[in-house]
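Within every chain, numbering begins at 1; the chains are lettered A, B, ... in the order of the sequence lines, protein sequences first and strands thereafter.
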Protein chains: 2
Amino acid sequence: MTNSSTVHHTSECVRVSEVLARVGDKWSIQVIATLGEGPRRFSELKRGIDGVSQRMLTLTLRGLERDGLITRKVTPSIPPRVDYALTDVGKSLLEPVKALGDWAIANRTTVDAARSIYDARTDDM
Amino acid sequence: MTNSSTVHHTSECVRVSEVLARVGDKWSIQVIATLGEGPRRFSELKRGIDGVSQRMLTLTLRGLERDGLITRKVTPSIPPRVDYALTDVGKSLLEPVKALGDWAIANRTTVDAARSIYDARTDDM
DNA sequence: CGGCATCCCTGGGGATACTG
DNA sequence: CAGTATCCCCAGGGATGCCG
């Protein structure tokens, strides 16, 4: 399929880009993956995801909630408690993301090697 | 990584993040998808990928080449000619990326609907 | 044609402080 | 505890111009 499928593939690519824009940001997948193990409180997520600021965690959670990938359940107690969990849609996203993760694991050494070679080739120039 | 069950999943997530950092930028998947149809010249890629500047296209291609996902073949003629093509590793990446694309297509209306609802709920506040 | 180099500006995202 | 608000910095990336 070299030529004829160009048109519709392009429109698909835009969609893929949008998903990657959603999922490809710095923290979303880590949140999704963590919630893939089960519901978590805000502080649990913050502790579990290394290096995330509460600002970015909040923004990430808001974005995922907006897209219907996670739910946000507030328990107005003292101290307050907020639980996040994947929706069914969110869980379904877990599958292709894991596929990408498997690819990453499977090809990490290959990619790293390619980088070393490329860097070595370009250093002495 | 605080407890034992999250250990291996966390290290995987870092890898996934790295892949998404590579593939999740603004142009990489579009380049990969286009090259998935067959080798392309620089100008063909530029024309085929809407909105990309030659600067970003160059940077994207360099990054993908560095990671061993594409090859760059220079034909020193007048005018010069440069052909890009996916490597086997690059082709293998096409699979999980397409899986993500399929998810995007399958869930686009659902996600869009969730957004509309969320935005409507937050507008009147 | 296929680049690099330069300028410049936007916004992603960290650190910190305050609130219900 | 779970945020919101503010400040600030720097990398991503567009526009333009020059070169082999």
Side-chain angles (χ1 to χ4, degrees), chain A residues 14 17-31 34-35 39-67 70-85 118-119 121-125, chain B residues 2 13-14 17-31 34-35 39-67 70-85 118 121-123 125:
Chain A
V14 176
S17 297
E18 289 179 20
V19 176
L20 287 172
R22 154 82 282 141
V23 138
D25 68 56
K26 207 170 175 184
W27 306 110
S28 287
I29 351 93
Q30 308 218 42
V31 170
T34 304
L35 291 180
R40 294 291 140 102
R41 307 182 51 168
F42 184 87
S43 51
E44 289 175 334
L45 287 171
K46 174 140 176 45
R47 253 179 285 114
I49 301 172
D50 197 58
V52 70
S53 62
Q54 81 275 51
R55 169 189 152 80
M56 286 318 297
L57 182 54
T58 301
L59 289 178
T60 302
L61 290 167
R62 290 290 177 280
L64 293 173
E65 185 194 2
R66 183 169 110 98
D67 286 354
I70 66 173
T71 58
R72 178 170 181 270
K73 187 168 59 183
V74 181
T75 307
S77 56
I78 306 228
R81 176 194 180 97
V82 180
D83 290 87
Y84 293 92
Y118 185 93
D119 291 347
R121 281 202 332 132
T122 50
D123 274 350
D124 47 47
M125 288 173 62
Chain B
T2 44
C13 283
V14 175
S17 298
E18 289 179 18
V19 177
L20 287 172
R22 154 81 284 143
V23 137
D25 68 59
K26 209 170 173 182
W27 307 110
S28 286
I29 350 93
Q30 307 217 43
V31 170
T34 305
L35 291 179
R40 294 290 139 101
R41 307 182 50 168
F42 184 88
S43 50
E44 290 174 334
L45 287 171
K46 177 143 176 40
R47 254 179 284 113
I49 300 172
D50 196 58
V52 69
S53 61
Q54 84 272 56
R55 169 189 152 81
M56 287 318 297
L57 182 54
T58 301
L59 288 178
T60 301
L61 290 167
R62 289 291 175 279
L64 294 173
E65 185 194 3
R66 183 169 108 99
D67 286 354
I70 66 173
T71 57
R72 178 170 182 271
K73 186 168 60 183
V74 181
T75 306
S77 56
I78 306 234
R81 176 195 180 97
V82 180
D83 289 86
Y84 293 91
Y118 184 93
R121 282 202 331 131
T122 50
D123 275 349
M125 287 173 62

Could you state the atom-to-atom distance from CZ of R41(A) to C1' of dG3(D) in whole Å?
-> 13 Å

Inter-residue atom distance R41(A).CZ - T75(A).OG1, 0.5 Å rounding = 8.0 Å

Report yes if a side-chain nitrogen or oxygen of K46(A) is closer than 4.0 Å to either non-bridging phosphate oxygen (OP1 or OP2) of dG3(D); otherwise report no.
-> no

Atom CG of L57(B) and atom P of dG14(D): how far apart are they, to the nearest Å?
-> 11 Å

Given side chains that start at C-beta, do those of D67(B) and Y118(A) come closer than 4.5 Å, heavy atoms only?
-> no

Whole-Å distance between dC1(D) P and R72(A) CZ?
-> 16 Å

What is the distance, rounded to the nearest whole Å, between atom CD1 of I49(B) and atom P of dG14(D)?
-> 12 Å

Let me know the distance between NZ of K26(B) and P of dG13(D), rounded to the nearest Å.
-> 6 Å

Within a strict 4.5 Å, meaning less than it, do heavy atoms of the L61(B) and L45(B) side chains meet?
-> yes

Would you mind reporting whether D83(A) and R81(A) have side-chain heavy atoms less than 4.5 Å apart?
-> yes

CG of L59(A) versus P of dT6(D): gap in Å, rounded?
-> 14 Å

Looking only at dG14(D), dA2(D), dG20(D), the nucleotide nearest the P80(B) side chain is dG20(D)

Considering all heavy atoms, the nearest R72(A)-V82(A) contact | CG-CG1, 3.8 Å

With DNA chain C as reference, determine whether R55(A) or Q54(B) sits nearer its 5' end, using the nearest nucleotide of each.
-> Q54(B)

Are side-chain heavy atoms of L59(A) and M56(A) found at a separation under 4.5 Å?
-> yes

If you walk 5' to 3' along DNA chain C, what is the first nucleotide with an atom under 4.0 Å of a heavy atom in chain A, and what is the last?
-> dG13(C) to dG20(C)

